[in-house]
S.K.: 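Below are the structure tokens for one structure; questions will follow.
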Amino acid sequence: KYTICIIGGGSRYTPDMLTMLCNQKERFPLAKIVFYDNEAERQELVGKYAEILFNEYYPGVEVVYTTDPEEAYTGIDFALMQIRAGRLKMRASDEKIAIKHGCLGQETCGAGGFAYGMRSVPAVIDIIKDIRKYAPEAWILNYSNPAAIVAQATEKVFPEDHRIINICDMPIAIMDMYANVLGKKRKDFEPRYFGLNHFGWFTNIYDVKTGHDYLPELRNILKTPKEFKTEKLFEEPSWKATFDFMSTMISDYDEYLPNTYMQYYLYPQKMFKKQDINHTRADEVMEGNEKEVYETLEAVVKLGKIKGTAYEPEPDAGCHAEYIVDLATALANNSNEIFLIITKNNGTCSNLDPDMMVEVPCRVGTYGVEAISVGEVPTFYKGLIENQHAYEKLTAEAALEGDYMKALKALVLNRAVVNTDVAKALLDDYIEANKGYWTEL
Ligand code: G6P
């Protein structure tokens, strides 16, 4: 049985993860779950909810919540890391400053992603240093955003530590959608993919039993969005819009299947026009999902029970977080399953920088992560990836070193910024707004 720590314990994503852990107890048995957060009050609510949930759905698991790193990390097997430095309030600030300067205000892309990266890197690095002090051997499954920039920073600071694994749920969400469209399950497929996080392309979708490649037929179906048979996961308007936009990209390029986040880089002006400075995605999440989650937690804690109330988790709740347990199980049990992971290129994409943190298919076992060869990346994609990587690398370095010039150059390289005057103005506003979060430039 395993001891795990959820870092960012007070997050709105934690309750779904807990449901998922309850659903997966046969495969991934827990002895103890620890929550760690730097905000005691918010985490206490999640912690109390967890005590009730585990007592009813997963008895015998010890539940601890703490703001003390030593108590949190000592003796853990897995650290699941999902922090958001500055929370949604700062995400809204990132988005609004970008829009004010005529740029994309998005959580991980464009100028917004840059500002968030500058905040996230120092926070993530400090936490990993603490984990390594008290749990030198624990697997660290990191899905803190913006994952591409964060991964570049973890590789720079901890180059020898192969037990830090950077992963993102977006390829999983996209594959769920493919499965949905084809009337299959995600695990019926093995993907082939190359790129950076939130910046990549599926090249093949193989059937695990027959080796059949579904990509050509998927491409044809996805060109006409009306034929999507999407289920609940994609009913939310912003997600629906994202997946609808995928049709445009697929029709325009008619080749590989792009990660949906490519819309921000390939059509920045179209995406800019969809934004509202008075009501960004962060506002939408704060007023909607976040509020809902904490209201539920409060109600459950007040009632002191879940079963038999209106707050029973739906059977498929948390299924979206299942990949985290899949990954942990693969590491623990040497399953050799394939996951899309952000890892050091090391020749996987033969014509890209060996030090680049690429997102590619990897086999996962007790030894860790082993990337599957991609070969040469065609010129168009190589150009896009190299430009994006230069932006991400400079952002990670600017965040670690507090280097103004690297930050400015990073912004100029960002396809959704480009103009030097705009980059300077953005940087000045972001520096002001991020005092206490960024390494001083
Ligand atoms: C997907 C992405 C994450 C991102 C999230 C934003 O899951 O892979 O990187 O953080 O969407 O969702 P939200 O509901 O906060 O806009």
Side-chain angles (χ1 to χ4, degrees), residues 1-6 16-33 58 61 76-82 131 135 137-143 147 151 154 161-179 182 184-194 197 200 202-214 316 318-346 348 357-374:
K1 290 191 178 180
Y2 301 107
T3 295
I4 66 167
C5 177
I6 298 188
D16 262 2
M17 286 178 61
L18 300 181
T19 306
M20 178 268 302
L21 289 166
C22 290
N23 290 341
Q24 304 289 327
K25 60 180 152 203
E26 304 298 329
R27 270 197 319 148
F28 190 66
L30 291 183
K32 180 173 169 185
I33 180 164
Y58 203 162
V61 179
I76 59 169
D77 302 298
F78 291 91
L80 313 185
M81 195 161 163
Q82 46 155 17
I131 300 175
E137 295 288 308
W139 290 105
I140 301 177
L141 312 188
N142 179 38
Y143 34 99
T154 59
D161 194 334
H162 79 290
R163 288 177 171 252
I164 303 171
I165 300 181
N166 292 292
I167 185 158
C168 168
D169 67 326
M170 199 60 209
I172 307 276
I174 296 174
M175 295 232 347
D176 275 338
M177 197 270 291
Y178 294 163
L182 291 169
K184 300 199 172 280
K185 298 257 169 284
R186 172 172 31 96
K187 289 189 179 173
D188 295 336
F189 309 130
E190 246 188 34
R192 292 295 182 270
Y193 182 98
F194 66 76
N197 177 245
F202 289 90
T203 56
N204 310 85
I205 303 289
Y206 292 125
D207 186 299
V208 281
K209 289 211 184 86
T210 64
H212 173 74
D213 185 0
Y214 289 101
D316 65 345
C319 69
H320 199 210
E322 190 190 313
Y323 75 99
I324 299 163
V325 164
D326 288 345
L327 180 62
T329 313
L331 291 164
N333 301 345
N334 204 26
S335 79
N336 280 305
E337 258 177 276
I338 290 190
F339 294 82
L340 294 180
I341 286 176
I342 309 159
T343 191
K344 193 165 165 176
N345 182 30
N346 262 341
T348 304
M357 293 299 281
V358 287
E359 191 166 61
V360 287
C362 297
R363 289 207 182 274
V364 179
T366 37
Y367 50 85
V369 159
E370 219 164 42
I372 294 173
S373 170
V374 167

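Every value quoted in this text rests on a predicted model; they were computed, and no experiment measured them. Computed from heavy atoms alone, side chains included, the values below leave out hydrogens, waters and symmetry copies.
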S.K.: Can you find a heavy atom in the side chain of V358 that is under 4.5 Å from one in the side chain of F194?
M.R.: no

S.K.: If the test is ring-ring contact (aromatic ring centres under 6.0 Å, His included), which one of F189, Y193, F202, Y206 qualifies with Y178?
M.R.: F202

S.K.: Quick test of your reading of the model: are K187 and E322 salt-bridged, counting only N-O distances below 4.0 Å?
M.R.: yes

S.K.: Report the residue from N197, I167, N166, I341 that forms a side chain to side chain contact (heavy atoms under 4.5 Å, CB included) with E359.
M.R.: N197

S.K.: Looking at R192 and T203, would you say the former's side chain and the latter's main chain have a donor-acceptor pair under 3.5 Å?
M.R.: no

S.K.: Testing the basics here: between I338 and I372, what is the closest heavy-atom pair and its distance to 0.1 Å?
M.R.: CD1-CD1, 3.4 Å

S.K.: Do you know which two heavy atoms are closest between M81 and I140, and how far apart they sit?
M.R.: SD-CG2, 4.2 Å

S.K.: Find the distance between CD1 (I342) and CD1 (I165) and round it off to the nearest 0.5 Å.
M.R.: 11.0 Å

S.K.: Mind listing the side-chain donor-acceptor pairs of residues 360-369 below 3.5 Å, one per line with the distance, residues two or more places apart or on another chain?
M.R.:
residue : atom : partner : partner atom : Å
R363    : NH1  : N336    : O            : 3.2
T366    : OG1  : N334    : OD1          : 3.4
Y367    : OH   : N336    : OD1          : 2.8

S.K.: Could you tell me whether D326 and R27 have a side-chain N and a carboxylate O separated by less than 4.0 Å?
M.R.: yes

S.K.: Can you name the nearest heavy-atom pair linking A138 to R163, along with the distance?
M.R.: O-CB, 3.8 Å

S.K.: Can a side-chain donor-acceptor contact be found between N142 and T154 if the only test is distance below 3.5 angstrom?
M.R.: no

S.K.: Are the side chains of L331 and L141 in contact, using a 4.5 Å heavy-atom criterion?
M.R.: yes

S.K.: Heavy atoms, side chains only, cut-off 4.5 Å: are N23 and V325 in contact?
M.R.: no

S.K.: Parallel, tilted or perpendicular, judged at 30° and 60°: which one describes the rings of Y2 and F28?
M.R.: parallel

